[in-house]
Each structure stands twice: as C-alpha cells, then as structure tokens.
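Reading through the structure tokens given below for one structure.
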Amino acid sequence: VHDFVEDKQGFIWLGTQRGIDRFDGHQFTQVIKGEAPSGLPGSSVYALELDPKSGLIWTATIGGLALFDPISFQVTHIPLIDHGGYRHQSARSLFFDATGQLWVGTENSLFVYNADTSRFIPAPGFSARLKNINHITQDASGLYWLATGDGLYIYDTESVTAVLASEISTELNSLLY
C-alpha cells in the first residue's frame with residue numbers, strides 16, 4: 001500500500017502496486033486494476049487525494065494522473081504536458097494546498113491545477129529538474145516543501161525559486177544528512 005484516503009461515506013481507498021482497493025469496514029475489494037481498458041493509466045498507484053469539493057479521488061500512478069469516481073468507478077485520464085510539449089508519464093505525489101489548489105509532482109517536474117483553463121500547467125517559474133517528487137506539503141508561511149530523489153527542496157511561489165533545503169540551513173543539513 002502506497003497511500004490511502006477516506007471518502008465522505010467512510011470507505012477507505014488504498015493505492016497499491018496493482019490498482020485501487022476499497023475497505024468497507026469488513027473486507028477489502030479490488031475495484032480498479034491498473035492499465036485495463038477502462039482502468040488507471042498505470043498499475044502502481046503512488047498517491048491518492050480526495051477532492052474536497054467533488055468527492056472524486058485524484059490518483060497518481062506510474063503511468064500518469066487520473067481522476068477516479070468512487071461511486072461509478074469511472075476513471076478519467078488527465079494529461080500532464082509541460083511547456084515544451086513533453087507528456088509526463090509518472091505522477092508521483094498529490095497535494096491540496098491551503099487555498100484548495102491541487103499540486104502534482106512527477107518524475108521530474110511540478111504541476112499545478114489552473115481553474116481558469118481546467119488543466120494542469122507546469123508550476124509558475126519552476127524550472128528545476130528534480131528526480132521523483134515523492135511528496136509535497138506547504139508550511140504556515142506558504143512555502144512548498146518537496147521531497148525528491150535529489151533531496152529536500154523548498155519552492156517559493158512568490159520569488160519563483162526552488163532551492164535545496166540543505167543549502168539554506170546548516171542545522172537542517174545536519175538533520176538530513
């Protein structure tokens with residue numbers, strides 16, 4: 001199990017190496033297999049996030065991003081295409097920030113949902129090529145913390161910079177390494 005969320009009905013949804021399972025309080029049931037014709041874009045599910053407005057479940061997989069309806073079990077594949085036209089195949093992390101905006105970490109980039117266009121766009125000014133953005137969170141000051149295969153990065157949307165955390169704090173550096 002890579003991740004799990006609880007929906008508004010109390011079901012627990014689990015992202016696994018073989019798709020999505022549901023726990024109803026008594027038993028586990030595999031409901032969506034990866035890479036089936038009507039399934040997920042990839043078999044291994046890295047992250048799940050419950051959309052607080054729609055109740056749908058955002059799903060990050062080895063094959064890309066999807067939106068899963070826990071009522072109908074329908075899956076919608078969501079493309080992640082950068083400014084150069086490259087389609088990112090591996091969505092690794094999901095995070096709703098303090099404003100309700102959804103962020104997606106991929107194998108080497110960071111995307112954010114643009115409500116005006118109903119599409120994911122590369123994070124503004126984010127040009128760092130980071131290996132596997134595995135986790136995203138936001139601190140009280142609004143900075144985004146990115147756990148990556150290259151280390152812990154801090155992304156500031158106001159100054160539009162991403163810096164390795166160990167470069168700005170020797171104390172933090174001693175904790176990380």
Side-chain angles (χ1 to χ4, degrees), residues 2-3 5 15-17 19-20 32-54 56-69 74-139 141-168 176:
H2 294 283
D3 201 7
V5 295
T16 72
Q17 290 184 357
I20 297 176
I32 295 291
K33 293 181 182 177
E35 301 183 65
S38 62
L40 300 168
S43 58
S44 191
V45 176
Y46 294 126
L48 301 170
E49 268 306 314
L50 182 68
D51 190 307
K53 293 178 184 172
S54 68
L56 301 175
I57 299 173
W58 290 96
T59 308
T61 79
I62 194 168
L65 181 66
L67 192 54
F68 170 66
D69 185 329
Q74 294 294 312
V75 175
T76 304
H77 295 217
I78 310 293
L80 296 171
I81 301 171
D82 65 22
H83 295 302
Y86 176 74
R87 183 183 181 113
H88 292 256
Q89 295 297 321
S90 181
R92 310 225 13 127
S93 56
L94 301 166
F95 176 69
F96 278 100
D97 69 14
T99 66
Q101 196 151 16
L102 181 61
W103 295 77
V104 179
T106 70
E107 73 277 9
N108 61 11
S109 196
L110 182 64
F111 288 83
V112 63
Y113 187 71
N114 181 322
D116 294 335
T117 63
S118 298
R119 291 187 163 162
F120 283 89
I121 60 170
F126 189 84
S127 61
R129 286 289 194 196
L130 304 178
K131 180 181 176 184
N132 297 333
I133 300 175
N134 297 314
H135 189 77
I136 307 165
T137 195
Q138 185 180 33
D139 66 22
S141 67
L143 296 174
Y144 293 88
W145 293 71
L146 312 173
T148 78
D150 295 323
L152 181 64
Y153 279 78
I154 300 170
Y155 174 57
D156 183 349
T157 56
E158 291 192 22
S159 66
V160 195
T161 56
V163 296
L164 191 60
S166 62
E167 291 177 6
I168 58 173
L176 296 174

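- Expressed to the nearest 0.5 Å, how far CD1 of Ile62 lies from CG of Leu40 amounts to 12.5 Å.
- The two residues His135 and Thr137 come nearest to each other via the heavy atoms NE2-CB, 4.2 Å.
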* Taking it one step at a time, do His2 and Leu48 satisfy side-chain contact (heavy atoms from CB on, under 4.5 Å)? -> CA-CA 9 Å; His2 294 283; Leu48 301 170; over 6 Å; no

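- With hydrogens and angles disregarded, a donor-acceptor distance shorter than 3.5 Å links the side chain of Asp150 to the backbone of Lys131.
- Between Thr148 and Asn132 there is no side-chain heavy-atom pair separated by less than 4.5 Å.
- Using modelled atom types, one finds a donor on one side chain and an acceptor on the other under 3.5 Å when comparing Asp139 with Ser141.
- Separating the CZ atom in Phe68 from the CD1 atom in Ile32 is a distance of 4.5 Å, to the nearest 0.5 Å.
- Here the OG-CD distance, from Ser93 to Glu49, works out to 9.5 Å after rounding to the nearest 0.5 Å.
- Leu67 contributes atom CG, which lies 4.5 Å from atom CG of Leu56 (distance to the nearest 0.5 angstrom).
- Minimum interatomic distance between Ser109 and His88 (heavy atoms only, all atoms of both residues): CB-CE1, 3.5 Å.
- Closest non-hydrogen pair, Gln138 versus Ala98, comes out as OE1-N, 2.9 Å.
- Looking only at side-chain heavy atoms (C-beta outward), Ile78 and Val104 stay at 4.5 Å or farther from each other.
- Taking CG of Leu65 as the reference point, atom OG of Ser90 lies at 11.0 Å (rounded to 0.5 Å).
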* Yes or no on side-chain contact (heavy atoms from CB on, under 4.5 Å) for Val112 and Ile121, after CA distance, side-chain angles and deciding distance? -> CA-CA 6 Å; Val112 63; Ile121 60 170; 3.9 Å; yes

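- Looking only at side-chain heavy atoms (C-beta outward), Leu50 and Phe96 stay at 4.5 Å or farther from each other.
- In this structure, Trp103 and Tyr144 have tilted ring planes: the angle between them lies in the 30° to 60° band.
- The ring of Trp58 has its center closer than 6.0 angstrom to the ring center of Phe120.
- The structure places CZ of Phe111 at 8.5 Å from CD1 of Ile81, a figure rounded to the nearest 0.5 Å.
- Using modelled atom types and a 3.5 Å distance limit, the side chains of Asn114 and Arg119 yield no donor-acceptor pair.
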* What do the steps show when you test Thr59 against Val75 for side-chain contact (heavy atoms from CB on, under 4.5 Å), and what is the final call? -> CA-CA 9 Å; Thr59 308; Val75 175; over 6 Å; no

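- Counted within 6.0 Å of CD on Gln101, heavy atoms from surrounding residues, nucleotides or ligands total more than 12; the atom is thus considered enclosed.
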